[in-house]
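I have placed the structure first, in the form of structure tokens, so that the comments after it can refer back to it.
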Protein chains: 2
Amino acid sequence: MNGPGVKRGRPPAFDRTTALAAATRLFWEHGYEATTIGELTRAMDIKPGSLYAAFGDKKSLFKEVVHAYGLSPVGAFIGTALEEERTAHGAFRRILREAAAVYPDPSHPAGCLTISAATNVTVQDADISTFLSDLRNANLAAFETRLTTAQRQGELSAAANPRALAAYFAAIIQGMSQRARDGATATELTETAELALAAWPPAQG
Amino acid sequence: MNGPGVKRGRPPAFDRTTALAAATRLFWEHGYEATTIGELTRAMDIKPGSLYAAFGDKKSLFKEVVHAYGLSPVGAFIGTALEEERTAHGAFRRILREAAAVYPDPSHPAGCLTISAATNVTVQDADISTFLSDLRNANLAAFETRLTTAQRQGELSAAANPRALAAYFAAIIQGMSQRARDGATATELTETAELALAAWPPAQG
DNA sequence: TTCATTCTTGAGTCATCGCTCAAGAAATGG
DNA sequence: CCATTTCTTGAGCGATGACTCAAGAATGAA
């Protein structure tokens, strides 16, 4: 019996993670449909045959990219803040401030991949569009859950509306991503974040 | 000498405004590149030859669509509010509330065409992307101008930052457009608008 | 060495993209 | 009527899209 780690046949000539990172950059920058297989193979430094053998079709590659993105610091900072911060207010303050720093960071394409990579799509790729909008709406639901918890724990005023607050923060985050893609600086986005936090409801009244 | 209104030759079989409206719907819904000439000719009920004779190439048609959109109620409500409202606060309050009502209106595609029709674009169509982002940034500049005026007139506190406020409102509006495309209702967006208005700086302090 | 397995390669498939054009049809002017 | 002008039509162009596949190369097992 062979150990499960034993590799047979010709080994891959490329590093899967590195290739995926190259694909991520392209999808992040131009979006799903505007990124061609030709551009992908060139950036990943592999031929079409290898790409399809390793990742399936274009949609599968994209979904794997989105999954990996969600595990990266840039793609996970929202969930991390929701988990790590004790208070909901602290969590959203941290989320907005980190978004302001991360979205315009020149070390990667501007904005959030989940927000901007599949906004313009043909009918036959509508599933890719809903794939991302489902992720965004899941984020919205997580916001609402966190805010409802805060309200039950007394942090958030009983007069506050968790669902409305969640939608508001979702909108601000998506807007900040778009502004980053339009050239907004970290300074501008930080100011936007601070202004946005003014909407946080006053303590129990 | 012939009068300038005299038409010669075979008259067009389609109404230009109607055809443009059909093209607008498609670009609005799917974006620039994801809308094909085939879909356009079918929706406009004309053949490719007529389309190219009447509108030039695809980019020219798109720019004409954007221009017409900017003159329509949906595309002009921001500029209208900035002009008609006496106070800056009244203007932005009206802009956000109208956006909340207009963006999810089911009588047309969701969100704002200028915001969402060219976010995912190939390199050869990068000019279309910047064409729209220039419009968005021009809007941002108009916001700042209005707020600076309000500050000079004493409506806005001297401690306020017109540029930061302008960027904040631009982000909120773009975020509301995206949320509308993700299925947000007018009710949700109205709540978002009201929360966003809480960022308006208190009177002179 | 030989076999089986896995990956690479380059040529190529089919569909669709934006776009063009010659020929015909519908109007006006003489 | 004919000539001129303008628009419509249907066929089709070259380029490019996603994707495939047979043949060769590199590995471990026997």
Side-chain angles (χ1 to χ4, degrees), chain A residues 1-20 22-23 26-27 30-65 118 120-128, chain B residues 1-20 22-23 26-27 30-65 118 120-128:
Chain A
M1 84 199 224
N2 292 330
V6 180
K7 297 270 195 154
R8 307 240 327 183
R10 178 173 178 172
F14 65 95
D15 177 52
R16 195 184 170 88
T17 306
T18 307
L20 216 50
L26 283 179
F27 281 132
H30 302 291
Y32 175 71
E33 282 185 344
T35 303
T36 69
I37 298 290
E39 290 171 331
L40 286 167
T41 54
R42 186 150 36 84
M44 300 164 84
D45 198 28
I46 58 178
K47 307 287 175 178
S50 300
L51 188 152
Y52 282 88
F55 299 101
D57 61 0
K58 190 185 177 185
K59 288 187 180 179
S60 301
L61 171 60
F62 181 75
K63 288 180 181 175
E64 196 166 332
V65 158
N120 301 145
V121 171
T122 58
V123 282
Q124 58 262 31
D125 288 335
D127 54 333
I128 291 292
Chain B
M1 86 203 222
N2 292 329
V6 179
K7 297 269 195 158
R8 306 243 323 185
R10 179 173 177 172
F14 64 94
D15 176 51
R16 195 185 169 89
T17 306
T18 307
L20 215 51
L26 283 179
F27 281 131
H30 302 292
Y32 175 72
E33 283 185 343
T35 303
T36 69
I37 297 290
E39 291 170 330
L40 287 167
T41 54
R42 186 150 37 83
M44 299 165 83
D45 198 29
I46 57 178
K47 307 287 174 179
S50 299
L51 189 152
Y52 282 88
F55 299 100
D57 62 0
K58 191 184 176 186
K59 288 186 180 179
S60 302
L61 170 61
F62 180 74
K63 289 180 180 174
E64 196 166 333
V65 158
N120 301 145
V121 174
T122 58
V123 282
Q124 58 263 30
D125 289 334
D127 54 333
I128 292 292

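Given the structure is predicted, the values throughout are model-derived calculations rather than measurements. Convention: sequence-line order gives letters A, B, ...; per-chain numbering from 1.
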Between OH of B:Y52 and P of C:dC17 the distance, given in whole Å, is 11 Å
Rounded to whole Å, please give me the gap between OH in B:Y32 and P in C:dC17.
14 Å
Residue-phosphate contact under 4.0 Å: B:S50 side-chain N/O, D:dT8 OP1/OP2
yes
Ignoring hydrogens and geometry beyond distance, is the side chain of B:R10 in donor-acceptor contact with the base of C:dA25 at under 3.5 Å?
yes
Tell me whether the rings of B:F14 and B:F55 are parallel (<30°), tilted (30 to 60°) or perpendicular (>60°).
tilted
Quick one: on DNA chain C, does B:P11 or B:E33 contact a more 5' nucleotide (nearest heavy atom)?
B:E33
Closest approach of A:V121 and A:A126, non-hydrogen atoms and distance?
CG1-N, 3.8 Å
Starting from P on C:dG18, measure out to CD1 on B:I46 and report it in whole angstrom.
14 Å
Checking all strands, does A:T35 fall into the base, sugar-phosphate, or nothing category for heavy-atom contacts under 4.0 angstrom?
sugar-phosphate
Atom-to-atom span, NZ of B:K58 to C1' of C:dT20 - whole angstrom
17 Å
Separation of atom CZ in A:R8 from atom C1' in D:dA26, rounded to whole Å
13 Å
Below 4.0 angstrom from OP1 or OP2 of D:dT8, is there any side-chain N or O of B:K47?
no
Please check this pair: side chain of B:R16 against backbone of B:A54, looking for a donor-acceptor N/O pair closer than 3.5 Å.
yes
With nearest nucleotide decided by heavy atoms, which residue, B:G9 or B:L51, maps closer to the 5′ end of DNA chain D?
B:G9
Integer-rounded Å distance: D:dG10 C1' and B:R42 CZ:
17 Å
Touch class at under 4.0 angstrom, heavy-atom based, for A:A13 against every strand present
sugar-phosphate
Just call it for A:P12: base, sugar-phosphate, or nothing, with non-hydrogen atoms closer than 4.0 Å on any strand.
sugar-phosphate
Rounded to the nearest Å, what distance is computed from the CZ atom of residue B:F55 to the P atom of nucleotide C:dC19?
14 Å
Could you tell me whether B:K58 sits above the aromatic face of B:Y52, with NZ or CZ closer than 6.0 angstrom to the six-membered ring centre and within 45 degrees of the axis?
no
dist B:I128:CD1 -> B:E33:CD (nearest 0.5 Å) comes out at 9.0 Å
A:M44 CE to C:dT9 P: how many Å, rounded?
14 Å
